[in-house]
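One structure below.
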Amino acid sequence: QRELEAPPRVREAVALDANISKVDARKAVDAIIRVTVHSLRQGERLTLTGLGTFSVQQKPARMGRNPRTGAPVKIPPRKAIKFRPTAEIE
């Protein structure tokens, strides 16, 4: 499994805004990412006040087309992450 972490500019911005060290900011931001990913993998809805809501949608199986040959192709069902921003962001 791939390690997830925030870009350096995000960690630096958090450190400056929260008046904490860059190391502590990295730990905090990376923890938020891990918790978010874990929640979404469990199929939970996650609301971050002031930002928005993340949820998982189940996409049904469907028929598609191979763009090269035009032949029909069955596309399997899958899960997709949906994000709905708060009114302040829109």
Side-chain angles (χ1 to χ4, degrees):
Q1 214 179 109
R2 192 173 52 139
E3 184 67 27
L4 300 170
E5 66 177 43
R9 62 182 166 72
V10 172
R11 295 189 307 251
E12 290 171 10
V14 169
L16 286 172
D17 190 65
N19 197 24
I20 58 176
S21 72
K22 289 182 183 179
V23 173
D24 288 341
R26 178 181 183 161
K27 289 177 185 177
V29 172
D30 290 348
I32 290 170
I33 292 171
R34 278 193 308 276
V35 169
T36 301
V37 169
H38 178 70
S39 295
L40 293 172
R41 284 187 177 149
Q42 298 298 317
E44 299 172 6
R45 170 180 280 194
L46 181 69
T47 300
L48 300 175
T49 305
L51 183 64
T53 302
F54 292 92
S55 60
V56 178
Q57 281 189 319
Q58 185 68 36
K59 299 284 187 172
R62 62 187 175 93
M63 291 301 291
R65 293 219 172 263
N66 180 326
R68 187 171 292 168
T69 66
V73 177
K74 183 173 180 165
I75 300 171
R78 65 184 183 93
K79 293 178 182 176
I81 297 173
K82 178 181 176 183
F83 176 72
R84 176 149 185 143
T86 60
E88 294 91 36
I89 292 178
E90 288 184 335

Check Ala25 against Val14 and note the closest heavy-atom contact, atom names and distance.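 That closest heavy-atom pairing would be CB-CG1, 4.0 Å.
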
Show every ring-ring contact (aromatic ring centres under 6.0 Å, His included) that has at least one partner inside residues 15-36, sequence neighbours left out.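 Listed once each, the pairs would be none.
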
Any pair with a residue in residues 14-35 that passes ring-ring contact (aromatic ring centres under 6.0 Å, His included), sequence neighbours left out, goes on the list, sorted by first then second residue, please.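 Of all non-adjacent pairs touching residues 14-35, none passes ring-ring contact (aromatic ring centres under 6.0 Å, His included).
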
Just grab all the side chain to side chain donor-acceptor pair (under 3.5 Å) pairs involving residues 15-24, residues at least two apart or on different chains.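 Every pair satisfying side chain to side chain donor-acceptor pair (under 3.5 Å) with a residue in residues 15-24: Ser21-Asp24.
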
With a 3.5 Å cut-off and sequence neighbours excluded, list the donor-acceptor pairs that the side chains of residues 44-53 form with protein atoms.
| unit_1 | atom_1 | unit_2 | atom_2 | d |
| --- | --- | --- | --- | --- |
| Thr47 | OG1 | Thr53 | OG1 | 3.3 |

Show me, pair by pair, the donor-acceptor contacts under 3.5 angstrom made by side chains of residues 67-86, not counting sequence neighbours?
| unit_1 | atom_1 | unit_2 | atom_2 | d |
| --- | --- | --- | --- | --- |
| Thr69 | OG1 | Ala71 | N | 3.2 |
| Thr86 | OG1 | Glu88 | OE1 | 3.1 |

If hydrophobic clusters are built by linking Ile, Leu, Val, Met, Phe, Trp and Tyr wherever their side-chain heavy atoms come under 4.5 Å apart, do Phe54 and Ile89 end up in the same one?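 Yes; Ile89 is reachable from Phe54 via cluster members.
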
Using the test salt bridge (Lys or Arg N to Asp or Glu O under 4.0 Å), find all partners of Arg11 that sit at least two apart in sequence or belong to another chain.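 Expected list: Glu5.
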
